[in-house]
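Quick note: numbers below take in every heavy atom, side chains included, and nothing from hydrogens, waters or symmetry partners.
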Amino acid sequence: MCSKTCSLSRFVRVNQSVRQTGPPQTIESDDIEPALISMADGSADAEDANEQEVIVIQDTGFTVKIQAPGAEPFDLQVSPQEMVQEIHQVLMDREDTCHRTCFSLQLDGNVLDNFAELKSIEGLQEGSLLKVVEEPYTVREARIHVRHIRDLLKSLDPSDAYNGVDCNSLSFLSVFTDGDLGDTGKRKKKGNELEQIDCTPPEHILPGSKEHPLVPLQPQNKDWKPMQCLKVLTMSGWNPPPGNRKMHGDLMYLYIVTVEDRHVSITASTRGFYLNQSTTYTFNPKPANPSFLSHSLVELLSQISAAFKKNFTAQQKKRVQRHPFERIATPFQVYSWTAPQSDHAMDCVRAEDAYTSRLGYEEHIPGQTRDWNEELQTTRELSRKNLPERLLRERAIFKVHSDFAAAATRGAMAVIDGNVMAINPGEETRMQMFIWNNIFFSLGFDVRDHYRELGGDAAAHAAPTNDLNGVRAYSAVDVEGLYTLGTVVVDYRGYRVTAQSIIPGILEREQEQSVIYGSIDFGKTVASHPKYLELLEKTSRPLKVQHHAVLNEKDTAVELCSSVECKGIIGNDGRHYILDLLRTFPPDLNFLPVEGEELAPESQKLGFPRQHRHRLACLRQELIEAFVEHRYLLFMKMAALQLMQQKANKDKTAALHDTSTADAESESKPQALEASEKVPDGTPTSPTSSESTLTLDDLLARINLDFLWNIFTDPKSREVVLNACKAVGSISNTSFDIRFNPDIFSPGVRFPDDSTDDIQKQKQLLKDAAAFLVSCQIPSFVKDCLDHSSLPMDGATMTEALHQRGINVRYLGTVLEFVENMPAKAQIEHIYRIGISELITRCAKHIFKTYLQGVELTALSAAVSHFLNCLLSSFPDAVAHLPADELVSRRKSRKRRNRVPGGGDNTTWASLTPSELWKNINSEAQSYYHFSLQCESVDQAVEKYGLQKITLLREISLKTGVQILIKEYNFDSRHKPAFTEEDILNIFPVVKHVNPKASDAFHFFQSGQAKVQQGFLKEGCELINEALNLFNNVYGAMHVEICACLRLLARLNYIMGDHPEALSNQQKAVLMSERVLGIEHPNTIQEYMHLALYCFANGHLSTALKLLYRARYLMLVVCGEDHPEMALLDSNIGLVLHGVMEYDLSLRFLENALAINSKYHGPRSLKVALSHHLVARVYESKAEFRSALQHEKEGYTIYKNQVGEAHEKTKESSEYLKYLTQQAVALQRTMNEIYKNGSNASIMPLKFTAPSMASVLEQLNIINGIIFIPLSAQSQWHLVLNKHIILYSMYTKCISVDFFLSLFFCDSPVFDMKYLSCPSCVCFGFFNEWYRNVNSSKQSNYFWSDYPFVLK
């Protein structure tokens, strides 16, 4: 760990209310005016109330001097907020003190408490001398010391990253930067020495190459070459010391073989380490002569082995030269799906870990095992009144969650591997439950027909993920006094394991006695409890859950504020726990056929409802929120329409108004709703329907604002609100408030007779939500892909994009059909291809799950390789090779069979054939996704859909946890299978868990993004820096959100002209993305592209090219060449090659970019015009003016047609055409002169201009969307922003008075998050989403008006 800088914060004002996010506030018409008045009058009181939120974190670091034994004193900068323990960590990482673990720090002879903050230590000040004093060892300290030395010896060895242990993961950036980046890197080449730069890419990187090798995915890092310090370091067989030796201070014995082949036995004693006289077969613990007594094991080994001393010193020098982000552990384990063949070395620590599970000293915590439930709940109970308290609380929550996820994953693997005894060993294996390390484990099978009516095993498999989504939702709401269980869902070797923390006392009593709220039998018997109702009522608004009544077995109405399956249990610790949250969100009626119920026409037209394999299909939380926002806009629109009609009627005659207002309003309501439903937010519409529907702009233009204000605050307008509420399905008649009853359509749940109307309303609301998904959200997703605001590259990013829109992956077939039937299908062919790839690999994963359950452990690698051969190899007769012992000894096989959870015939897997597997995939695609694949083999699928086998291999490996040997696989051979059992190296778990958030840091980050969007770059940069500090405080150094923070900081640094700082921040972003997301994750590819740009700007031309080539290779593996993002990448490569005068190579990439842009953006797109211009520039440099003219004319024509002749771009293109024409004429004259006069010709010199680096950088900035926006354009944003805030926000009471007034009296008021007086309302979520989408867009001209906030 590197020394921290001391810049956490300066003066920070944080309004406590900004921490919360939630639903639209309830709108009451007669509350608006008083609320605004109280806001205006009470501003001073609010200031006083928030004084406690003003906190000062000193930014005054200071320097202390450290004196360690045998080392020169050195200075260390520290922060007052640091603990003494952090200085310990720094010393254990430094090259000269890394071998010390058992020491104390002393100031003036006084030992410092490890857990004391530096500011609390009396006498510690600038220049103080801290002495490192060696302390006596204990058994625990000796173990920690040996473990630390082992870690130092393996610090350059990537085996832990390949094996997926201790949160190690891979990074390859340093292979490509080659010491060019960072403060310590010395430049080997200068940017202007172009002749030294090797620009030639490998053959497989060039456009059009059909070869996609796998080996370059993990290039060889020269630092990873083994530098052997010892041959063997292990625990001695003479452990533990006998009683008489314990009384001499012996703690344990080590056995070591040095590189010189010297075998030695070492005693770890309270005084340190020394040689003893024991041998392999003789125990003699007396000290050898000489004994070389040393406090550190490294000091001892350095005395007895010259090779150890030399190699260990060199190794530590290399270790500290590596970037800290290459060495720091990630918060959650990232697994690699490929790995090289490596030798298995002897490792005492790894061996001990395997058999002890590290219980006892796992996290240096006293006691045997951790009480996970107590830790998880205690951290949530920590105070959160001000920023330091919230940071401490969130840091504790995050740390405990990451530790729990790691422990649960290890336990789940141990359960499936057979290393944990069941608590009900007499039961059938699939019904067994386990407890390990204070964590409860259950398997994803339908035990005792619990889910029989819901789909059996299929429902039991889906329930844990639904439950986890519920835990996530309730954890995010974070209601004080309501507790959820720590929950992790692990898929491993074909089994689903749910790991949960244990409620105190739950194992000591029957479930029937424990549950005081909810139902244990799906609604037959139901209980309720006033405290649970009070707690759950607080969650009902943010989670959109309706308070409702159900009938119990005695036909008595029972009040609930959740689904009946949600159980409330008061633990022995007095806490109120909720569990079984699988129905937190309402059912998805598109996949839940109900007799006698008809869906909306939009759903029926697409063939819904469809039969699903279980009845637990529910809507996603994102869909619920999008639906409520959509209905909210309809509510506002309808109210405005009725108000307009009222005003029109009033203007005619008072008499006419008296007789016809009611009729007019009743007629306008269904018309308005119908018209509004036709144009869902963001959905493409036909010209006729959009003309007939008023937009929010039209309403604002037609309604006088004073009139609108008077109407909304006039009690007479309540009828307008009432009509609008009824039309949008609000549960209240006086306010907008949409919530769902999760028990609607649940089998066995009955409702009181007096709630019939309400139940009908809820049923209609569910039908509307299901229709909204297929008629609005799916078209919106496709539209996002069509206009390239969403650019998924692989299955994971496509799934994420679908989820952001609230679309479940079970709709994948529907999405693909929608794309297939679009007129512009060619422009989203990449989406279709990625979707097909995802569908195939998901179907294969479903089949693989049941396939693996019947495989015995001895045949696992053979079974996996056989499955992959059947899936991906062109070899038609893939035959499984059964292990010999299974063929010889059937009796043994049958005995072992029962140990596998789920049972089954252990050799049926061997009979699988490629044709049978693909037949099953087709069947699964039809039954699960309702999509017709019609592929009989992998080759047919590749041919029909343009897939790549290497991409399919990556997708299936990531989804199933399979790790394969990194080598070139011949998928297309028809003579031998592609995989053998030696190619399967491992199976890793696929883990789902809760991701706790750093809420304050996140809001700082969002505020920074908002400032940047408003054009205030410096202020935005300060806020993002603040967010980075807070993220680091909560998450530690490595996290995906820190990665996003660093990326944005680097971009801001670059725009503001600080290129070196941009390079430094982006380098961190790349390293972090590799470590926490994966070396070939689409985000990592993007980070490589950004880093290449900043490298070029800093003059690192060779490095920029290497990074771009790496990005291109990764993209080829992940999604292939035919992807719109490849056009941007190839344009970058082509421009850099143009800059280093590699014109022919440059043309290959730029022409490929032109072809891709033409395909995906249309031949008349401005992107295509820019591509033509870039190609023309290269042809000009080659003096091929005819070709240059041809391309520039194409570009000019596009500019002229798209933006007009008067536009700056058209004029630039016209000028360039003139210049090219002049050059072409001059060249022709010269050639004519040569033909005419031969060697006597007088030749005028021609201008063959090599491109300047500045001009290349300018073009790079343009294609990467980095454009400085003039102030005039910024003011346009404010105009658009102002128009839409007024109507949307006035009625929700969520904007302060001073900002509301500034909308009218200022020319260009600036919106700021601080103006929101109730940030939990829908506006806050809307603006956050708005800012995020605008900021993440790659289109530089993405103005506010482009966001679908405006009703189109």
Side-chain angles (χ1 to χ4, degrees), residues 163-165 332-333 335 353-360 362 368-373 376 403-448 450 457 460-465 467-468 471 485-503 506-507 579 848-860 863-864 895-904 906 960-963 986-994:
N163 293 327
V165 295
F332 301 104
Q333 185 66 58
Y335 299 100
D353 284 353
Y355 290 107
T356 64
S357 303
R358 284 183 285 181
L359 301 181
E362 178 177 24
Q368 281 306 298
T369 59
R370 296 174 68 170
D371 187 340
W372 291 109
N373 188 72
L376 288 163
D403 288 352
F404 178 71
T409 305
R410 283 204 306 275
M413 293 171 70
V415 163
I416 298 304
D417 288 337
N419 296 336
V420 180
M421 185 174 177
I423 58 175
N424 53 339
E427 301 268 14
E428 186 190 342
T429 47
R430 55 189 277 134
M431 299 173 70
Q432 288 178 348
M433 295 169 284
F434 307 83
I435 291 179
W436 178 89
N437 195 1
N438 278 332
I439 304 173
F440 176 77
F441 297 91
S442 56
L443 300 173
F445 296 112
D446 184 13
V447 178
R448 298 185 181 90
H450 189 62
D457 281 346
H461 190 266
T465 48
D467 184 35
L468 180 63
V471 172
L485 302 184
T487 306
V488 176
V489 179
V490 181
D491 290 308
Y492 178 61
R493 282 180 47 196
Y495 298 98
R496 171 154 287 179
V497 184
T498 306
Q500 293 172 305
S501 59
I502 302 171
I503 298 175
I506 189 73
L507 300 174
L579 57 155
F848 186 70
K849 180 190 74 176
T850 50
Y851 171 88
L852 268 195
Q853 288 175 11
V855 178
E856 197 176 46
L857 195 54
T858 54
L860 206 51
V864 174
K895 279 184 182 175
R896 280 193 295 264
R897 187 179 308 156
N898 291 331
R899 297 179 199 166
V900 180
N906 290 338
T960 56
V962 170
Q963 186 185 55
N986 212 337
I987 292 189
F988 291 125
V990 178
V991 186
K992 301 180 182 75
H993 53 78
V994 176

Worksheet entry | Heavy-atom pair of closest approach, residues V489 and P464 | CG2-O, 3.7 Å
Discussion item. Strictly distance-based, threshold 3.5 Å: is any side-chain N or O of Q853 a donor or acceptor partner for the main-chain N or O of G494?
Written reply: yes
Discussion item. The test is side-chain contact (heavy atoms from CB on, under 4.5 Å); show your working for V855 and L860 and say whether it passes.
Written reply: CA-CA 6 Å; V855 178; L860 206 51; 4.0 Å; yes
Discussion item. Below 30° counts as parallel, above 60° as perpendicular, anything between as tilted: where do the rings of Y335 and F988 land?
Written reply: parallel
Item to complete: Grab the two heavy atoms, one from T960 and one from F848, that are nearest each other, plus how far apart they are.
Response: CG2-CD2, 3.4 Å
Fill in: Audit row: N438, R370, side-chain contact (heavy atoms from CB on, under 4.5 Å) steps and yes/no
CA-CA 7 Å; N438 278 332; R370 296 174 68 170; 6.0 Å; no
Discussion item. With heavy-atom distances below 4.5 Å as the criterion, would you say the side chains of L468 and V994 are in contact?
Written reply: yes
Response to the item:
Sequence neighbours excluded, the answer for ring-ring contact (aromatic ring centres under 6.0 Å, His included) partners of F404 is W372
Worksheet item: Tell me, do L443 and I416 make a side-chain contact under 4.5 Å, heavy atoms counted?
Response: yes
Worksheet item: Quick one: does I435's side chain get under 4.5 Å of L507's, heavy atoms only?
Response: yes
Practice prompt. Return yes when atom CE of M433 has more than 12 non-hydrogen atoms of other residues, nucleotides or ligands closer than 6.0 Å, and no otherwise.
Written response: yes
Discussion item. Can you give me the closest heavy-atom contact between R430 and F445, atom names plus distance?
Written reply: CB-CD1, 3.5 Å
Fill in: Pairing residues for K992 by the salt bridge (Lys or Arg N to Asp or Glu O under 4.0 Å) criterion, not counting sequence neighbours
D491
Practice prompt. Could you list the residues that satisfy side chain to side chain contact (heavy atoms under 4.5 Å, CB included) with M431, not counting sequence neighbours?
Written response: E427, E428, V447, R448
Discussion item. According to salt bridge (Lys or Arg N to Asp or Glu O under 4.0 Å), who are the partners of D371, at least two apart in sequence or on a separate chain?
Written reply: none
Discussion item. Evaluate L485 against F440 for side-chain contact (heavy atoms from CB on, under 4.5 Å), listing each step before the verdict.
Written reply: CA-CA 11 Å; L485 302 184; F440 176 77; over 6 Å; no
Worksheet item: Excluding sequence neighbours, so at least two apart, what forms salt bridge (Lys or Arg N to Asp or Glu O under 4.0 Å) with D446?
Response: none
Fill in: Residue among V415, T409, D417, V497 satisfying side-chain contact (heavy atoms from CB on, under 4.5 Å) with Y492
D417
Practice prompt. Starting from the C-alpha separation in whole Å, work towards a yes-or-no answer on side-chain contact (heavy atoms from CB on, under 4.5 Å) for V471 and Q500.
Written response: CA-CA 11 Å; V471 172; Q500 293 172 305; over 6 Å; no
Worksheet item: Quick one: OG on S501 to CD1 on I506, what's the gap to the nearest 0.5 Å?
Response: 11.0 Å
Worksheet item: Which pair of non-hydrogen atoms, one from Q432 and one from N424, has the smallest distance, and what is that distance?
Response: CA-OD1, 3.3 Å
Worksheet item: Are the side chain of T858 and the backbone N or O of E856 linked by a donor-acceptor pair below 3.5 Å?
Response: no
Worksheet entry | Student check: side-chain heavy atoms of Y495 and L852 closer than 4.5 Å | no
Fill in: Sequence-distant partners of A499, side chain to side chain contact (heavy atoms under 4.5 Å, CB included), two or more places apart
A408, I439, F441, V488
